[in-house]
Amino acid sequence: MGLIESKPVQRRRPREEDSTQTRSSFIFHVLLGSRRVRVCEQAFLNLYALSGKSVYCLMSLILQGKTLLDNRGKHVNCDNAVPKQQFVK
């Protein structure tokens, strides 16, 4: 269980046609010792020094059921790779 959780919207009110409806709400937590304390989104951003855009990307990944991939060191445009021919005897 992470520090950001999604839950379905509790009450849907009838709106005009073609309006975008929020599918889920998000709950933010902070760790205090071994306890999880519920906080507002702005407190979560300030305590962990995150931007709103990075948390928005995380929330969209949570809704899709995906995790954030770590792409450090995975680029292929680097010339530091040793050719396989040097390893063949």
Side-chain angles (χ1 to χ4, degrees):
M1 200 178 287
L3 297 177
I4 303 174
E5 297 178 10
S6 68
K7 68 175 190 174
V9 175
Q10 290 182 352
R11 181 183 296 180
R12 295 197 185 275
R13 295 174 180 85
R15 302 283 182 194
E16 298 175 8
E17 293 181 18
D18 299 331
S19 66
T20 58
Q21 290 185 352
T22 305
R23 291 186 224 150
S24 60
S25 299
F26 289 92
I27 303 171
F28 299 91
H29 294 91
V30 175
L31 291 176
L32 281 176
S34 61
R35 291 184 328 151
R36 290 177 48 177
V37 179
R38 185 175 175 176
V39 294
C40 66
E41 182 178 1
Q42 192 62 44
F44 184 82
L45 295 175
N46 291 337
L47 287 170
Y48 289 109
L50 297 171
S51 68
K53 184 176 180 179
S54 63
V55 173
Y56 178 78
C57 291
L58 287 173
M59 291 189 302
S60 65
L61 286 174
I62 289 172
L63 288 178
Q64 296 172 8
K66 297 181 180 179
T67 58
L68 185 63
L69 296 177
D70 185 13
N71 291 324
R72 292 180 287 184
K74 303 257 191 311
H75 57 281
V76 294
N77 62 349
C78 185
D79 292 333
N80 292 337
V82 179
K84 288 186 178 182
Q85 297 165 353
Q86 290 182 355
F87 293 113
V88 178
K89 291 185 178 183

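It should be emphasised that the depicted structure is a prediction, and the values quoted were computed from it without experimental measurement. This chain uses plain numbering: 1 for the first residue, then up along the sequence.
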Residues 44-56, side-chain donor-acceptor partners within the protein, below 3.5 Å, at least two apart:
from	atom 1	to	atom 2	distance (Å)
Asn46	ND2	Gln42	O	3.3
Ser51	OG	Ser54	N	3.3
Ser51	OG	Ser54	OG	3.3
Ser54	OG	Ser51	N	3.4
Ser54	OG	Ser51	O	2.9

Could you go through residues 28-35 and list every donor-acceptor pair under 3.5 Å that involves a side-chain atom there, pairing it with any protein atom two or more places apart or in another chain?
from	atom 1	to	atom 2	distance (Å)
His29	ND1	Arg36	NH2	2.8

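Looking at Leu68 and Leu58, their side chains come closer than 4.5 Å, going by heavy atoms from C-beta outward.
A single hydrophobic cluster is seen to contain both Ile4 and Leu63, as judged by linkage of ILVMFWY side chains at heavy-atom distances under 4.5 Å, directly or through other members.
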